[in-house]
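Atoms within a ligand are numbered from 1 in the order they appear, just like the ligands themselves.
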Amino acid sequence: MALVSGKEILNKANKEGYAVGAFNINNMEILQGIIKGCREKKSPVIIAVSEGAIKYAGFDYIVAMVNVAAKENIPIALHLDHGRDMDIIKKCIEGGFTSIMIDASNLPFEENIEKTKKVVEMAKPFNIAVEAELGRLVGIEDNISVKERDAVLINPDEAKEFVKKTGIDSLAPAIGTSHGAFKFKGKPKLDFDRLKEVKEKTKIPLVLHGASSVIPYILEMVNSYGGDLKEAKGVPEEDIKKAISFGINKVNVDTDLRLSLVAAIRKVLAENKKEFDPRKILGPARDLISEVVAHKVELFGSSDKA
Ligand code: G3H
Ligand code: 13P
Ligand code: ZN
């Protein structure tokens, strides 16, 4: 199977009411772990690559690796995550990516519309899906006021106008999640009412960024084999399920894969002080990533949707 357009993957998910995982890669082992988990669950998957990942691994390596993965019998899209640099976006559009995120969420509303519209025009001839973001990704807890919420989270009326004016294929609404391993100090409180309203007003596939759960047994592994990430906290799995039931169709996960990789590496090195074969160090990390991905796609409802 060749790489498929992100439009195909997300429109089906939107129609049938489930979500597809967008998993970030930085190297071959992470990619192989993700693909193994999705192959086992017969799930479509979106392989997400940040501008930083492109700088780290190299554009040609990324495209070549993901095209090898695309020989699998599951639908796979290659996605630029948080594209901000127009030169990189152009290179991805012309170089084989099948989904692009333009992240101009730091710009004023009208400028975000203008920049996003440009990318939609550039992507159109290639049938590439375009995702954009509204609002700021900051972790929201249950002690926050309505005023504070309104200042950072997505405005549903603006979302409607934004989708109409830009012609994007999917939208990432800020509803109270944030990137990384330290999302909340207190009790997380995602704004599900806002999410519901955004879905009603836009009807297009919605994307949840900052959706890692900081899985307790993985965190425990990191901390018990020499790591120090005691305060890490993610989005509870029941909140992810709830978000999907309110219209999220793409769930972005990077941190949980990073934590899995590091947990497995720490364990091998702590238990085998004489080990220096990279295959014995990275192999278990790849296995743990595939276990975590298989669990997640089950949770997202995309197993048996390939
Ligand atoms: O949303 C951010 C992703 O986790 C990618 O992070 O820019 O460090 O590669 P990165
Ligand atoms: P996490 O840091 O929660 O994994 O979020 C990743 C993400 O949103 C990538 O775009
Ligand atoms: Zn993100």
Side-chain angles (χ1 to χ4, degrees), residues 6 10 19-27 30-31 33-34 37 45-59 61-62 66 77-85 88-89 92 97 99-106 129-140 152-154 170-184 188 190 195 205-216 218-219 222 229 231-237 239-240 243-244 248-263 288-289 292-293 295-297 299-300:
L10 290 188
V20 175
F23 299 102
N24 286 75
I25 63 161
N26 291 288
N27 66 12
I30 299 174
L31 174 63
I34 296 165
V45 64
I46 297 166
I47 300 299
V49 184
S50 69
E51 292 180 351
I54 290 174
K55 283 194 189 102
Y56 172 77
F59 185 87
Y61 273 94
I62 293 273
V66 179
L78 173 56
H79 174 78
L80 175 67
D81 191 26
H82 294 282
R84 294 188 180 96
D85 179 327
I88 295 179
I89 290 173
C92 291
F97 279 56
S99 175
I100 299 283
M101 176 187 189
I102 160 70
D103 182 356
S105 60
N106 59 324
V130 178
E131 170 186 337
E133 179 170 309
L134 276 179
R136 279 181 38 224
L137 289 180
V138 287
I140 299 290
V152 291
L153 301 186
I154 190 167
S170 62
L171 176 68
I175 57 159
T177 60
S178 68
H179 291 125
F182 302 90
K183 301 185 192 298
F184 314 100
L190 306 195
L195 171 60
L206 299 180
V207 179
L208 190 64
H209 281 253
S212 280
S213 294
V214 186
I215 304 162
I218 303 285
L219 184 64
V222 172
L229 296 175
E231 307 302 317
K233 198 186 275 186
V235 183
E237 290 193 345
D239 281 2
I240 299 289
I244 294 169
I248 290 292
N249 302 110
K250 172 172 175 275
V251 179
N252 285 15
V253 176
D254 187 355
T255 295
D256 278 339
L257 305 189
R258 294 180 182 199
L259 289 171
S260 303
L261 180 106
V262 164
L288 189 55
I289 286 173
V292 164
V293 167
H295 170 74
K296 283 193 183 281
V297 302
L299 178 81
F300 301 163

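The backbone N or O of R84 sits less than 3.5 Å from a side-chain atom of E51, completing a donor-acceptor pair. Proximity of a side-chain donor or acceptor of S105 to a complementary backbone N or O of L134 within less than 3.5 Å is not detected.
Near G180, with a cut-off below 4.0 Å to any heavy atom, the atoms of ligand 2 are 2 (O). Less than 4.0 angstrom separates some heavy atom of K183 from each of these atoms of ligand 2: 1 (P), 2 (O), 3 (O). Proximity to T255 (heavy-atom distance under 4.0 Å) selects the following atoms of ligand 2: 1 (P), 2 (O), 4 (O). Within the listing of ligand 2, atoms 8 (O), 10 (O) sit less than 4.0 angstrom from a heavy atom of H209. For ligand 2, the atoms sitting less than 4.0 Å from at least one non-hydrogen atom of H82 are 10 (O), numbered in the order shown with element in parentheses. Contact atoms of ligand 1 toward D81: 1 (O), 3 (C) (distance under 4.0 Å to a heavy atom of the residue). Every atom of ligand 2 with a heavy atom of V253 under 4.0 Å away is listed here by number and element: 4 (O).
In this structure, F59 has its ring center closer than 6.0 angstrom to the ring center of F97.
From the protein, the heavy atom lying nearest to atom 5 (C) of ligand 1 is D254 OD2, 3.3 Å. Of the protein's heavy atoms, H179 NE2, 3.1 Å lies nearest to atom 1 (O) of ligand 1. Looking only at heavy atoms of the protein, atom 10 (O) of ligand 2 is closest to D81 OD2, 2.8 Å. Looking at atom 6 (O) of ligand 1, its nearest protein heavy atom turns out to be R258 NH2, 3.2 Å.
When heavy-atom distances to ligand 1 are checked against a 4.0 Å cut-off, T255 has no atom that comes that close, whether in backbone or side chain. When non-hydrogen atoms are compared, ligand 2 lies under 4.0 Å from the backbone of A211 (N, CA, C, O) but not from its side chain. Under 4.0 angstrom from ligand 1, there are no non-hydrogen atoms of E51. Contacts with ligand 1 closer than 4.0 Å are made by no heavy atom of K55, backbone or side chain.
The two residues T177 and H209 come nearest to each other via the heavy atoms OG1-O, 2.6 Å. The minimum heavy-atom distance linking E131 with A172 is given by the pair OE2-CB, 3.8 Å. Minimum interatomic distance between A181 and V214 (heavy atoms only, all atoms of both residues): O-CG2, 3.9 Å. The two atoms that bring H179 and G210 nearest to each other are CD2-N, 3.9 Å, heavy atoms only. In plain terms, the two heavy atoms of L288 and S260 that are nearest each other are CD2-O, 3.4 Å.
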Query raised in the report: Step by step, would you call D254 with D81 a side-chain contact (heavy atoms from CB on, under 4.5 Å)?
Result: CA-CA 11 Å; D254 187 355; D81 191 26; 5.8 Å; no

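In H82, the N, O or S atom that comes nearest to the Zn ion (ligand 3) is NE2.
Checked by distance only, ligand 2 and N252 come closer than 3.5 Å through their nitrogen or oxygen atoms. Of the N or O atoms in G210, one or more lie within a sub-3.5 Å distance of an N or O in ligand 2. Between D254 and ligand 2, a contact under 3.5 Å exists for at least one N or O pair. Between N24 and ligand 2, no N or O atom pair is found at a separation short of 3.5 Å.
The side chain to side chain contact (heavy atoms under 4.5 Å, CB included) test with K296 is passed by exactly one of I34, I215, I240: I215.
For S50, the closest heavy-atom approach to ligand 1 falls below 4.0 Å.
Residues I47 and I62 are not in side-chain contact: their nearest non-hydrogen atoms beyond the backbone lie 4.5 Å or more apart. Side-chain atoms of D256 and I218, non-hydrogen and from C-beta on, never get closer than 4.5 Å to each other.
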